[in-house]
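Take a look at the structure below.
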Protein chains: 2
Amino acid sequence: MTENITELLRNNGYKVTPQRLAIYEALCATKEHPKAETLFVKLQPTYPTMSLATVYKTIDILKKIGKIRVLNTGEDSFRYDADITSHHHVQCTVCGRVDDVYEAVDQKALKKIEKQTGYTITEQRVYFFGKCAKCNK
Amino acid sequence: MTENITELLRNNGYKVTPQRLAIYEALCATKEHPKAETLFVKLQPTYPTMSLATVYKTIDILKKIGKIRVLNTGEDSFRYDADITSHHHVQCTVCGRVDDVYEAVDQKALKKIEKQTGYTITEQRVYFFGKCAKCNK
DNA sequence: CTCTCTGCAAAATTTTTGCACTGCT
DNA sequence: AGCAGTGCAAAAATTTTGCAGAGAG
């Protein structure tokens with residue numbers, strides 16, 4: 001990591017507050033790709049005055065400075081992920097959990113798609129759906 | 001097409017109403033992957049009494065009988081597509097339009113991912129993002 | 001003629017915004 | 001001390017639901 005979250009906030013003109021650090025750390029500490037509400041509930045015990053509005057405002061900043069990614073698997077709300085390395089996601093159609101998929105992107109296919117559609121593609125998000133190991137039993 | 005929309009509705013115990021046919025036909029007639037609101041506005045002139053609730057209820061039925069797909073590119077609302085063949089989507093980050101991508105899925109990679117994650121994968125949704133030909137000029 | 005469907009309005013959800021007070025720098 | 005940030009509550013936006021009257025089978 002070349003630049004930590006504190007420096008990054010400061011360098012972008014944002015103040016460093018306990019809430020912002022707590023939200024980012026909570027996101028880093030989990031693999032469950034929580035929604036805003038989930039983060040809020042998880043932080044309530046430690047930060048009793050924390051509000052949902054602050055969670056959303058902080059998420060917005062973290063998005064802007066590129067420290068988190070937003071997922072949308074087709075649920076009614078967004079999920080967030082502090083893992084910003086190139087990876088995809090798989091969601092269990094039974095229990096709803098979301099796991100990571102580390103699989104390299106096929107660059108040849110990408111070129112073909114660019115030619116086919118006329119788009120200059122800068123990003124891709126892949127969502128797989130199926131039954132997780134636990135729900136398969 | 002082995003079974004048309006009228007038969008399919010009837011065979012699944014749903015009544016065939018002008019609203020349902022209109023919504024499905026509107027979806028078939030467009031390539032722009034509209035949201036519920038867009039469909040509603042488009043149908044207003046022809047069906048002045050059409051309500052947004054009916055659009056949502058009909059979309060729900062069409063989803064259940066497998067006649068439409070739901071897309072979510074990370075916008076605040078869902079988009080719908082009557083093209084249920086296996087294909088993916090690309091969205092322009094400038095103008096927001098959504099186009100189709102017809103590119104075969106790499107089955108080998110899929111097997112690898114199943115082994116890696118322990119999931120039995122039944123579906124995948126791929127969203128590409130970039131600048132469309134028009135916005136690239 | 002029955003029973004589902006429609007359409008209105010109200011409710012539920014998720015996310016955003018306004019504003020006085022707090023607290024980072 | 002100055003000014004952005006927090007937290008509350010209210011607003012906005014999307015989707016769902018309840019119910020009385022309309023219409024398909």
Side-chain angles (χ1 to χ4, degrees), chain A residues 4-27 33-65 67-68 70-80 96, chain B residues 4-24 26-27 33-65 68 70-80 96:
Chain A
N4 68 28
I5 185 69
T6 302
E7 287 169 353
L8 202 56
L9 281 170
R10 205 168 284 152
N11 293 346
N12 282 274
Y14 297 111
K15 296 207 168 159
V16 179
T17 67
Q19 289 91 337
R20 288 178 184 169
L21 296 177
I23 290 166
Y24 180 65
E25 271 153 29
L27 262 172
H33 313 87
K35 346 194 235 175
E37 176 73 29
T38 315
L39 276 173
F40 173 62
V41 170
K42 191 170 286 180
L43 293 168
Q44 271 293 72
T46 324
Y47 297 81
T49 70
M50 168 84 69
S51 82
L52 242 188
T54 299
V55 175
Y56 279 110
K57 285 169 187 166
T58 300
I59 282 168
D60 221 54
I61 291 172
L62 292 174
K63 256 192 295 189
K64 281 199 192 110
I65 64 177
K67 271 298 185 185
I68 62 170
V70 181
L71 325 190
N72 194 311
T73 60
E75 296 166 305
D76 42 8
S77 53
F78 292 102
R79 287 167 173 268
Y80 306 96
Chain B
N4 68 26
I5 185 70
T6 303
E7 286 169 351
L8 201 56
L9 280 171
R10 205 168 283 152
N11 293 347
N12 282 274
Y14 297 111
K15 299 210 164 158
V16 180
T17 68
Q19 288 91 336
R20 287 176 184 171
L21 297 177
I23 289 165
Y24 181 64
L27 262 172
H33 313 85
K35 347 195 237 173
E37 175 74 28
T38 315
L39 275 171
F40 173 62
V41 169
K42 191 171 286 181
L43 292 168
Q44 272 289 75
T46 324
Y47 298 81
T49 70
M50 170 83 68
S51 82
L52 242 187
T54 299
V55 176
Y56 279 110
K57 286 168 186 166
T58 300
I59 282 169
D60 220 54
I61 291 171
L62 293 173
K63 255 192 294 187
K64 281 198 191 111
I65 64 178
I68 62 170
V70 181
L71 326 190
N72 194 310
T73 58
E75 296 166 306
D76 42 6
S77 53
F78 292 103
R79 287 166 173 268
Y80 306 97

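Naming convention: chains lettered A, B, ... in sequence-line order (proteins, then strands); numbering from 1 in each chain.
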For the student: nearest non-hydrogen atoms of [X] and [Y], plus distance:
{"X": "A/Ser77", "Y": "A/Asn72", "value": "O-ND2, 4.4 Å"}
{"X": "A/Ala26", "Y": "A/Leu43", "value": "CB-CD2, 4.0 Å"}
{"X": "B/Pro45", "Y": "B/Val41", "value": "CD-O, 3.4 Å"}
{"X": "A/Lys15", "Y": "A/Leu9", "value": "O-CD1, 4.2 Å"}

Under 3.5 Å, side-chain donor or acceptor atoms of residues 49-58 of chain B against the rest of the protein: list the pairs with distances, not counting sequence neighbours.
| residue | atom | partner | partner atom | Å |
| --- | --- | --- | --- | --- |
| B/Ser51 | OG | B/Ala53 | N | 3.4 |
| B/Ser51 | OG | B/Thr54 | N | 3.3 |
| B/Ser51 | OG | B/Thr54 | OG1 | 3.2 |
| B/Thr58 | OG1 | B/Thr54 | O | 2.8 |

Measure the shortest side-chain to side-chain distance between [X] and [Y] over non-hydrogen atoms and say whether it is less than 4.5 angstrom.
{"X": "B/Tyr14", "Y": "B/Ile65", "value": "yes"}
{"X": "A/Glu7", "Y": "A/Asn4", "value": "yes"}
{"X": "B/Ile5", "Y": "B/Val16", "value": "no"}

Residues which pass side chain to side chain donor-acceptor pair (under 3.5 Å) with B/Arg79, listed by chain and number, not counting sequence neighbours: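 B/Glu75.
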
By side chain to side chain donor-acceptor pair (under 3.5 Å) - contacts of A/Gln44 (at least two apart):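 None.
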
Given B/Leu62, B/Val70, B/Leu71, B/Thr38, the one that forms side chain to side chain contact (heavy atoms under 4.5 Å, CB included) with B/Tyr80: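 Looking at B/Leu62, B/Val70, B/Leu71, B/Thr38, the match for B/Tyr80 under the side chain to side chain contact (heavy atoms under 4.5 Å, CB included) is B/Val70.
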
Given atom [atom1] of [X] and atom [atom2] of [N], what is their separation to the nearest angstrom?
{"X": "B/Arg20", "N": "C/dT4", "atom1": "CZ", "atom2": "P", "value": "11 Å"}
{"X": "B/Arg79", "N": "D/dT14", "atom1": "CZ", "atom2": "P", "value": "12 Å"}
{"X": "B/Phe40", "N": "D/dT15", "atom1": "CZ", "atom2": "C1'", "value": "14 Å"}
{"X": "A/Ile23", "N": "D/dT6", "atom1": "CD1", "atom2": "P", "value": "8 Å"}
{"X": "B/Asn12", "N": "D/dA24", "atom1": "CG", "atom2": "P", "value": "20 Å"}
{"X": "A/Phe78", "N": "D/dT15", "atom1": "CZ", "atom2": "P", "value": "11 Å"}
{"X": "A/Asp76", "N": "D/dT17", "atom1": "CG", "atom2": "P", "value": "11 Å"}
{"X": "A/Asn72", "N": "D/dT14", "atom1": "CG", "atom2": "P", "value": "14 Å"}

Base versus backbone protein contacts along nucleotides 20-25 of chain C [heavy-atom cut-off under 4.0 Å; B, S, -]: ---BBS

Bending between helix ends of the helix from C/dC1-D/dG25 to C/dT25-D/dA1 [5 pairs per end, 10° resolution]: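 Inter-axis angle at the termini of the helix from C/dC1-D/dG25 to C/dT25-D/dA1: 40°.
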
Positions of residues 45-57 of chain B (non-hydrogen atom under 4.0 Å from DNA chain C), listed by number: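 Going residue by residue through residues 45-57 of chain B, the ones with a heavy atom under 4.0 Å of DNA chain C turn out to be B/Thr49, B/Met50, B/Ser51, B/Ala53, B/Thr54, B/Lys57.
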
